[in-house]
Every structure is written in C-alpha cells, then in structure tokens.
A.B. asks: 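Have a look at the structure that comes next, please.
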Amino acid sequence: MVWQKQQLPFYIIIVGRYSACFLRYLIEVVRMGERGEDRSRWLALHIFPHERALRSRLLRWNLPPDLDPDDVIQEVYGRIVAMPSVEAIRSPRAYMFQMARSVMLMHLRRAKIVSIRGVENLERFDIAADEPSPEQQASGRLELHRLALAIDCIEQPWRSAFLLRMTEDLTHSEIGYRLGLSENAVQKGNARTLVRLIKILGEGGTPPSDASMQEDGQELNSRARD
Amino acid sequence: MHLCRRMVRNLTHVRETSAAIGLKAAEWAIRVDHAPLSLIEEAELGAWLAKDIRNAGAFARAQAILSETRRIKALGPSMSPGSPVPEAVVNHGDFLANSPGHFDRRRILVGAGAGAVAASIPAAIWLQSPHEEEFATRLGEVRTVSLPDGTRMTLNTATSAKVRFSAAERWVDLQDGEALFDVTKDPARPFIVSAGAALVRVVGTSFTLRRINGAPVELLVREGTVELKRAGSNDAARLVSANMRVVGAGTGLDQPSEIDDDELQRELAWREGLLSFEDQTLEDIARQFERYNHVRIIFADPGIAQQTITGVFAANEPVAFANAASLSLGLKLEASSEAIMLRR
C-alpha cells in the first residue's frame with residue numbers, strides 16, 4: 001500500500017512526545033516491508049531463545065513492585081526494535097541482558113524508592129561470563145519439532161483454526177465456514193493461540209548457564225559479610 | 001489553568017499490565033498478517049504502538065514468533081502418521097534438556113527411544129502438504145475407497161467427491177451424488193463434508209450424505225453423532241444422532257426425523273448393488289433407477305405411476321424391475337433401446 005504523504009503529519013502529531021526513531025519504526029512495521037521481515041526473523045533467532053535465561057535472571061533480581069519480568073522483556077524488545085540497525089550487535093544475548101539492566105535502572109530511578117539490594121545486584125552483574133556454550137546455543141533455537149509439540153498443546157477447534165491460517169493461508173472467513181465459527185471468533189482465537197504458543201516456546205529457550213549460578217553464590221557471601 | 005488540567009489527565013493514565021499488552025499485541029500481529037490494514041486501522045495501530053514502549057516491543061515479539069510458526073510448513077511431505085521420525089528432526093538430548101513441565105508424559109515417551117517417539121508424535125507434526133484427491137463413479141457403479149486416515153468412503157452411482165486432508169482437518173467436498181462415510185476417529189482433526197449449502201462435521205462416526213441435482217440435500221446418520229450446519233450462516237450447528245434423517249429445505253434444514261433400522265438398511269442397500277423399496281410409488285422407484293441406468297422407465301398414464309410396490313431389486317437391472325412390476329400389478333411392458341414403458 002502506498003504511503004500517502006498526507007498521512008505523515010498525522011503520525012507526527014501522535015508520535016510527538018517520542019523520538020523520531022518511533023516514527024521510522026511505525027512506517028516500517030505497518031508496511032511490513034523487507035526490513036521489517038528481516039528484523040522479525042532476527043528477533044526470533046537471536047533474542048527470543050534467550051528469554052528463558054533472562055526471566056530466571058529477572059526473578060533473582062528484586063524488581064520494583066510495579067515491574068514484572070514480562071514488563072521488562074516487552075520494554076527490551078521495544079528498545080531493540082527502535083534501533084535503526086542491529087548489525088552492530090556482536091552478542092545479542094549480552095545486549096539483551098544489558099538492556100534489561102538498563103530498564104531496571106530507569107524504573108528504579110523513577111520510582112524514587114530504591115531498594116539497596118536491587119542496586120547491588122546490578123552492580124555485580126557480569127554479562128561477559130554469561131555467554132552460553134555453542135551446544136546450549138544450538139539447543140535453544142526454535143526447532144521445528146518443538147513447534148509442532150507446542151501446537152499440539154492447543155485444544156480444538158483453535159488448533160485447526162491456527163493451522164489452517166498458518167499452513168494453508170485460508171482467510172478467517174473461510175476458516176470460520178469450515179469449523180463452524182464466526183470470523184471474529186477465528187481472529188480472536190488465533191490471537192489467544194499465539195499468546196499461548198509464545199508462552200510455551202519462550203519457556204523452552206537456552207537454560208541459564210552455570211556461570212550465573214556461581215555468581216549468585218558470590219553475591220550472597222558478600223551480603224553476609226556486610 | 002489549561003496546563004494544570006492536562007497534567008491531571010496524564011497523571012490519571014493507568015498503566016496496562018504486561019499480560020493485557022501481550023494479548024493486544026498478538027491480536028494486532030494476527031490482523032496485520034491476515035490482510036493489509038485499512039487507513040483507519042493503520043492509524044489505530046500507530047497510536048497504540050506509540051503509547052507505550054512495551055506495546056511496540058510486544059508487537060515485534062508477537063510478529064516474530066508468528067512468522068516462525070509459518071515455518072512449520074517445512075516439516076513437509078516426507079512425514080506421515082505411521083513412519084518413524086527421521087533422525088534429523090528428533091534430537092533427544094536437546095528435547096530432554098529443554099522440555100518444560102507441561103509436556104509431561106510425552107517427554108517420558110520420547111526419552112524411551114525412537115520407536116516410542118513415533119508413537120507419541122502429535123498430529124500437528126504430520127504436516128504433509130495437503131493431500132488432495134478426486135474420486136468419481138460412473139452411472140451404476142458403486143465403489144469403496146480408503147482415505148489416508150483409514151476412513152472408508154463408499155461412493156454410490158454417478159458420484160463425485162473431492163478429498164483434501166491436511167494437518168488441521170479432513171475435508172471432503174461431495175460435488176454430486178451419494179456417499180457413505182465410515183469415519184475413523186481422530187479428535188485432533190475434524191472430518192468435514194460439504195454438500196452444497198450443507199456442512200457436516202464429525203469426529204468419528206458413520207453417515208451418508210446425498211446431494212442430487214434438483215433434490216434437497218439429505219443426511220442419514222447410521223452411528224454416532226454428527227454436527228450439521230448450513231454453510232455461511234451464523235446459526236448454531238445441529239446435532240444429529242444415529243437413525244436420524246435430515247433433509248435440506250429451502251433456506252433452512254428440516255427437523256431431523258427418525259428412521260428405524262429397517263428403513264436405514266433399505267437406504268443403504270445400494271452398497272450391495274441393490275435397491276430396496278417398501279410401499280413406494282412406481283414413479284419414485286423409476287426416478288431412483290434413473291440414477292443408476294441410462295434406460296428410463298416411463299408410464300402410459302399417471303394412474304400407473306402412482307401405484308405402489310414393495311421389493312428388492314438389482315440397481316442395474318431396470319428391465320427386471322419392470323418385469324416384476326408388470327407381473328404383480330397386471331401391467332404390460334413395452335421396451336425400446338431408450339425406455340421401458342409400463343401400460344395397462
């Protein structure tokens with residue numbers, strides 16, 4: 001679809017409070033152009049597999065009361081996609097963990113009630129030691145059979161509704177016709193299925209490496225000393 | 001004053017939960033994937049993405065995983081339900097290391113060895129490119145075929161059906177004629193037969209469906225329960241159980257009527273190449289014979305056509321029937337190459 005020149009001012013008004021990066025991202029994402037698709041693939045291959053490890057890490061930190069691990073992860077993705085290019089990122093995993101730390105810090109500063117323990121955790125944070133071994137890295141990727149097993153967890157008729165859309169590209173209307181569902185039900189159902197699949201697949205990513213276990217032990221000891 | 005009011009409005013902005021954002025993001029990802037957005041939808045999406053950095057992040061995340069799920073097509077035609085999973089796909093070590101809690105008993109099965117893996121592979125993994133096949137019978141022909149899932153489909157005379165099996169469903173389009181379905185149970189994939197405006201959906205059962213030009217669609221359930229729906233309508237599906245017949249009527253479907261076992265057997269006699277009638281008019285019988293034969297049975301006057309008869313006849317022998325009818329009703333028979341005439 002052609003991006004109408006007249007539309008831009010409208011968007012600038014809405015986006016006004018945020019940086020110009022957002023505007024660029026909006027244009028890109030709504031167009032779903034080539035770059036948008038490459039970015040999607042990059043996220044799926046290099047960021048998503050590390051969610052599980054990041055979640056374990058986040059649970060060990062003392063997050064402020066208004067921030068849960070999902071909030072942090074969503075914000076990390078938000079910052080990554082706002083970047084014009086991801087080519088410069090050597091280690092996506094390290095970058096992701098770094099972002100999470102930064103998000104935590106920002107919220108702590110804003111909250112004005114800073115947990116001393118929380119700040120300590122961050123300062124001792126050693127990202128370099130956290131790189132997973134190549135074996136761990138390979139096993140975290142979105143293997144096709146894991147995908148099939150995840151889809152098998154979805155009950156009917158939603159499983160068929162999702163598969164008919166993904167593997168045969170039927171419209172929501174056609175799917176509804178076949179399964180005895182309304183078009184709207186198919187759309188909402190597929191969205192719920194997607195949320196569930198993301199949850200199931202996200203929990204099977206690369207496990208936290210052994211180095212992080214050790215590191216926590218050290219933290220406990222130093223706190224005891226104080 | 002004006003500035004103060006705006007500040008108050010901002011303060012009362014409620015922060016959405018990550019769960020709510022995750023769902024909204026998935027909804028948008030599904031919409032964007034489905035079809036190009038309208039201008040209004042684009043504006044709506046743009047506004048939502050700009051409102052909170054988490055919205056943009058959740059959206060990108062949902063899109064990324066959605067794209068990945070399309071790759072499941074790649075599991076491809078080499079896999080079929082019975083065959084063991086190729087080594088390249090299964091990686092025992094990897095699976096055991098990463099399996100989260102809810103795969104429970106499947107995890108144990110997979111760990112036990114390649115044989116067990118084949119047994120526990122879920123239906124979703126049988127992602128053959130959709131299996132499509134067309135079947136047709138000639139005039140007077142009756143044929144039983146086996147579908148890829150083991151379902152037996154018996155096609156009656158002059159019947160054509162298109163079968164399309166995929167990972168998500170088992171779909172048959174009854175284009176013309178009559179067929180009996182003995183459906184293998186597979187809760188993972190609904191079995192759907194469409195006959196014009198009628199849509200029948202089952203998990204595993206036995207029923208016939210008739211779709212003949214000029215006559216309303218007719219469904220007969222032999223075993224189990226089927227769901228019957230009018231295609232394109234929002235009415236709830238109707239459940240039709242064994243020994244019930246439903247006939248399509250105009251814009252709706254008739255109430256299901258009960259038929260006893262004897263009548264059910266008569267209706268299915270065609271499987272043996274027979275037609276069985278009980279107190280049916282010669283006219284109705286003649287019309288049935290027309291489905292199986294080129295030779296037509298005609299009557300000298302309407303009075304003859306309305307007489308009734310009971311009996312079992314070979315479907316492809318209209319002359320034999322005409323003979324039997326003339327003998328029992330005291331009529332005369334005149335045969336030519338195109339027609340058999342019954343007269344007084």
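None of these values were measured; they are calculated from a predicted model. The sequence lines fix the lettering, A, B, ..., with proteins before strands; numbering per chain opens at 1.
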A.B. asks: Among B:Thr17, B:Asn55, B:Leu66, which residue forms the greatest number of heavy-atom pairs with chain A at distances under 4.5 Å?
C.D. replies: B:Leu66
A.B. asks: Which residues satisfy the salt bridge (charged side-chain N to carboxylate O under 4.0 Å, His left out) test with A:Arg165, sequence neighbours excluded?
C.D. replies: B:Asp33
A.B. asks: Side chain, backbone, both or neither: which part of A:Gln187 has a heavy atom under 4.5 Å from chain B?
C.D. replies: both
A.B. asks: Looking at A:Glu203 and A:Arg55, is any side-chain nitrogen of the basic one under 4.0 Å from a carboxylate oxygen of the acidic one?
C.D. replies: no
A.B. asks: What residue, out of B:Ala25, B:Ala64, B:Ser194, has the most heavy-atom pairs lying under 4.5 Å from chain A?
C.D. replies: B:Ala64
A.B. asks: Using non-hydrogen atoms only, which part of A:Leu197 is less than 4.5 Å away from chain B: side chain, backbone, both, or neither?
C.D. replies: side chain
A.B. asks: Return yes if a side-chain donor-acceptor contact under 3.5 Å exists between B:Asp149 and B:Thr151, otherwise no.
C.D. replies: yes
A.B. asks: For B:Pro190, run the side-chain contact (heavy atoms from CB on, under 4.5 Å) check against B:Glu227, B:Arg201, B:Arg170 and tell me which one passes.
C.D. replies: B:Arg201
A.B. asks: Only pairs of heavy atoms separated by less than 4.5 Å count here; which of A:Asp68, A:Thr171, A:Ile198, A:Asp71 has the most with chain B?
C.D. replies: A:Asp71
A.B. asks: Examine whether an atom of B:Trp28 lies under 4.5 Å from a heavy atom of chain A, and if so say whether it belongs to the side chain, the backbone or both; otherwise answer neither.
C.D. replies: neither
A.B. asks: For A:Ile73, which atoms come within 4.5 Å of any heavy atom of chain B: side chain, backbone, both, or neither?
C.D. replies: side chain
A.B. asks: How far apart are the closest heavy atoms of B:Glu27 and A:Ala191, and which atoms are they?
C.D. replies: CG-CB, 3.4 Å
A.B. asks: Who pairs with A:Arg79 by salt bridge (charged side-chain N to carboxylate O under 4.0 Å, His left out), at least two apart in sequence or on another chain?
C.D. replies: A:Glu75
